[in-house]
Amino acid sequence: MPKDELKAGYKLIGTRPNRPDGLDKVTGRARYGADFSVPNMLWAAVVRSPHAHAKILKIDASKALALPGVKAVVTRADLPTGLSGEDLNLQDNTLAGDVALYDGHAVAAVAATSALIAQDAARLIEVEYEVLPHVIDVDDAMRMDAPVVQEGAADHTVPEGSPPNVARCLDFGHGDVEAGFAEADLVMENTYRTEATHQGYIEPHACVGQLGEDGKGEMWVCTQGHWYIRRMSAAVLGIEAAQLRVTPSEIGGGFGGKTTIFSEPIALALSRKAGGRPVKLVMSRAEVLRATGPTASASMDVKIGMKKDGTMTAASAVFRMQGGAFVGMSPVGEALSCAFACYNIPAIHHEGYEVLANRPKAAAYRAPGSPMAAFAVESLVDEMCRALGLDPIEVRLKNGAREGTKASYGPKYKQIGLVETLEAARAHPNYQVKLGPNQGRGVASGFWFNHGGETSVSVALGEDGTVTVSIGTPDIGGLRASVGLMTAETYGIPYEDVRVNVVETGALGVNEPTHGSRATFANGKALVEAANQTIKEMCKRAAKKWGIEPEAVEWADGAARPAGDNAGKFPPMTIGEIAAGMGASGGPIAGHHEVTMGGAGASFGTHVVDVEVDPETGRTTILRYLVVQDAGRAIHPAYVEGQYQGGAAQGIGWALNEEYVYGKDGRLQNPVFLDYRVPVASDLPMIDTVIVEVPNPGHPYGVRGVGETGITPPLPAVANAVAAATGARIRHLPLSPPKVLAAMKASRDG
Amino acid sequence: MSKIHVTTTVNGDETEFLCDPRETLLDCLRNQLDLTGAKEGCGTGDCGACSVTMDGTLVCSCLVLGVEAQGKTIETIEGMAAGGELHPLQRQFIEHAALQCGICTPGILVAAKNLLETNPDPTETEIRYWLAGNLCRCTGYDKIVRAVQAAAAEMRETA
């Protein structure tokens, strides 16, 4: 459906007004995690393991406690015992128990009257370690004789006799894979590897925590989800969740990495031990890289069968992914489910291994698992297209998932937009540009499930006829603007008459974080329900005044109106008039809606990238980049484009530069931005975008989440482009210049 | 350790603070003067979120000691909107949706203003290299570069 036609019925949706929080954010007024302070506040510093794996024999804090200004020291001994499952993992990660499991694992923490005293005191805490053997690489961790990260980590899915670091095995699929491969004209199989990367949000984790002896506390924190922070912190500390009130600050990026806790309970534990004085805890960049939640690293075997005309007959994938030292964090299940989600293949077999390694506890990172899977599958598809002399977009169109296709991971797709993204990419001028020497073009598609989840919103009429919306998902990239637009559209009032507030845990029912590309989708769907309650109430108030039945009143353009001539002749009663008199006509008017939301609507995108590779240095330059993605409906197109561009930039970084580099000693060697090299402005060209709109039938305005899919295609698209430019196929990211140079040399010599 | 008395001018106001000789200018701005617009993203001069100018020179305030501000003139994001009127860069950043989370925005605005003061008509490449020391993880820089171009054009017109 053309975009103009979609927009025809809307006054505000699809427009690009200024975001309501823009002024605060360009003047430095907006308060982020570390910007918050309260009276009588202490400062925290954390002592971290310098070893990848070590027994903690003794912690002596006496010298630290003797330092003037030091008010409290906490270790694991200050946390309750008896936890199990993920609560225990969270507690183990907050402060190490008997064993430090990775370089940077928190061991103790101190609170003092200044940040400098806290840092000095942390250096005075003496920890005695017995260093244990460690394992870092995912394939090394799969060996039978690998150092054991955690005893007894395997669950019921792991067969007897498996390698000791395998925590979970997956096996699923459909169709007769062997028969499918036999039917193919070309069967290719290769192994692909990706390294761990970090979300790289520019704002380090920060919070101010206060907890009294009575178990009542408060926290101000940068987080994607304050109810998650509340539940997890309460569990780790053994307090009641309801007694902890958590207020989210503005958030300086998250990308999945701020959906969980790292050191937040430490601030609360220190506060409790320091007589309830609030404690501020701000991580350094090195702490963020060493001890928060990077992605998994992956080792993946993929096999595909294809006929000469490009028809795929069968596929199989065996993925091994480490998610750090704790079970449950490897996104291998998601990766497998995403691997072939773009394709309609009659027979598929998925096999996966969650593996433990002496690395930090992985967290979500934008479409967790999907970028790695896409790198493996979309690289192999590209290799096969080249082997058979087929156009990569035509092959994807031939096999692409459509409405009614049974997804590789189970359900049947409703309306989806993969084919539309492929067609738009093929028609885009970027796909026609003639390339020069040392230049190459890469194409790849990508997928993310999208998520609805637990959602609670409320709306309230002001006496002046404006509307206040309360949401519980932090605004990480323009959410207030999209919620404001949907609210104003629903009421038929100006965008400026809506105020959207992100409220604390005491002001709404439970909300999941801003994750899963859900915030605009879920808040929008819930607020329409909540707004309709108030619209119904306003119609009732008008009916009462007019002396007609409520059913005879309808709502349009911000006013109650008689529904047709039979209802009677009355001038429209505006929201302002109703609100001004609501005290007398029956009281305040407000609405709310709470639901665990389904219907998120699967998300697909296709990227086209042109690169030039310097044959002398192996350095890859991005010449032009195109993102085409289905938004369902773009509520605020500028912020939709922003998600596409930002996802592409992160994916380009993952493809070209970013990786966790460990030394032989198991310590992270690049815990600063100088060495953990995220893309800078001079690394990138403008990033072209096309917003495809195939409305999501599960949303009143057709919204699909747009946050995550954009990071998925860049990994293979860039690798495919480099292969096209150099003739050298590299199956191990990142494509750093030395690696590209070596591959070019091998390709020439080979 | 005894603290050192520093007198400096911040956003046009004469200001005094006491600082530990180990404290950075960023720490002093944020914790002594409550000017929290400059952010610490790295503490190692790699991300530019703490960008301010000192006597007109763009610096990472995390790499400057607080004591070095003695007798200097410091400009931060808080001083950018003169008399309550937004600088064209600030306005164009909002209008171009050039921020998502907004944490890098103060530093990028300070750096871009410094660029336009010396080069009122920068090319896209010049903008990209000037801002290469200011990391943004959300936007992919596209809308940031466009907003700077738009502000530059607007400022040339009104100059």
Side-chain angles (χ1 to χ4, degrees), chain A residues 16 18-19 21-32 34-35 37 114-116 199-204 250-255 282 284-286 475-478 481 636 638-639 641-650 652 672-674 678-687 689, chain B residues 1 20 22-23 27 30-31 34-47 49 76-78 80-81 86-87 89-91 93-107 109 124-125 127-146:
Chain A
R16 301 172 179 235
N18 291 344
R19 64 192 287 171
D21 51 340
L23 186 59
D24 285 349
K25 287 179 176 168
V26 300
T27 51
R29 277 206 297 270
R31 281 196 297 187
Y32 292 82
D35 302 340
S37 293
S114 80
L116 285 171
Q199 299 84 356
Y201 32 81
I202 306 300
E203 180 197 33
E250 295 304 319
I251 176 171
F255 313 106
V282 182
S284 69
R285 176 55 49 184
D475 180 349
I476 206 160
H636 192 305
Y639 289 103
E641 292 162 3
Q643 289 297 317
Y644 293 2
Q645 291 163 336
Q650 285 187 319
I652 290 166
V672 289
F673 272 141
L674 187 64
V678 308
V680 305
S682 54
D683 291 335
L684 297 172
M686 293 297 187
I687 297 172
T689 57
Chain B
M1 197 176 292
D20 186 291
R22 294 175 294 167
E23 279 181 297
D27 291 333
R30 292 178 55 83
N31 301 331
D34 286 333
L35 293 171
T36 55
K39 310 298 179 189
E40 180 166 316
C42 67
T44 51
D46 298 315
C47 81
T76 74
I77 185 65
E78 285 91 346
M80 195 160 167
L86 290 184
H87 188 280
L89 278 162
Q90 292 173 304
R91 202 158 18 75
F93 265 59
I94 297 175
E95 287 174 10
H96 281 77
L99 54 142
Q100 285 180 32
C101 81
I103 194 85
C104 71
T105 308
L109 286 168
E124 181 191 334
T125 303
I127 294 170
R128 287 185 180 278
Y129 276 85
W130 186 270
L131 295 179
N134 291 82
L135 300 182
C136 169
R137 192 59 160 170
C138 294
T139 65
Y141 304 103
D142 182 302
K143 293 183 191 303
I144 290 174
V145 173
R146 288 179 203 276

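Per chain, numbering begins at 1; letters A, B, ... match sequence-line order.
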Look at the side chain of [X] and the backbone N and O of [Y], then say whether any donor-acceptor pair between them is shorter than 3.5 Å.
X: R128(B); Y: L684(A); value: yes
X: R19(A); Y: L99(B); value: yes
X: Q100(B); Y: G642(A); value: yes
X: R30(B); Y: A34(A); value: yes

Atom group of [X] that falls short of 4.5 Å from chain B, counting heavy atoms:
X: L23(A); result: both
X: Q199(A); result: backbone
X: I687(A); result: both
X: Y644(A); result: neither
X: T27(A); result: both
X: E250(A); result: neither
X: A648(A); result: neither

Heavy-atom distance under 4.5 Å to chain A: side chain of [X], backbone, both or neither?
X: A49(B); value: side chain
X: T139(B); value: backbone
X: L109(B); value: side chain
X: E124(B); value: side chain
X: L86(B); value: side chain
X: N31(B); value: side chain

Any chance you could measure [X], atom [atom1], to [Y], atom [atom2], to the nearest 0.5 Å?
X: D20(B); Y: L116(A); atom1: CG; atom2: CG; value: 5.0 Å
X: T36(B); Y: R29(A); atom1: OG1; atom2: CZ; value: 11.5 Å
X: I476(A); Y: C138(B); atom1: CD1; atom2: SG; value: 7.0 Å
X: H96(B); Y: R16(A); atom1: NE2; atom2: CZ; value: 10.0 Å

Please rank [options] by heavy-atom pairs under 4.5 Å with chain A and give me the top one.
options: G140(B), A38(B), G37(B), A98(B); result: G140(B)
options: G45(B), A132(B), G133(B); result: A132(B)
options: Y141(B), W130(B), F93(B); result: Y141(B)
options: M80(B), K39(B), E95(B); result: K39(B)
options: T105(B), D34(B), L135(B); result: L135(B)

(request) Please report the shortest heavy-atom distance between F673(A) and D46(B), naming the atom on each side. (result)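 That would be CB-CB, 3.6 Å.
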(message) On a heavy-atom basis, which atom in Y32(A) and which in C101(B) lie closest, and how many Å separate them?
(response)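 Shortest heavy-atom separation between Y32(A) and C101(B) comes out as OH-O, 2.7 Å.
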Interface residue of largest heavy-atom contact number with chain B, from [options], under 4.5 Å:
options: G200(A), S114(A), G22(A); result: G200(A)
options: V680(A), N18(A), D683(A), L674(A); result: V680(A)
options: S37(A), G647(A), A638(A), G254(A); result: A638(A)
options: G28(A), A681(A), G646(A), A649(A); result: A681(A)

(message) Can you confirm whether T44(B) sits close enough to R285(A) that some side-chain heavy atom of one is under 4.5 Å from a side-chain heavy atom of the other?
(response)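 Of all side-chain heavy-atom pairs linking R285(A) with T44(B), none is under 4.5 Å.
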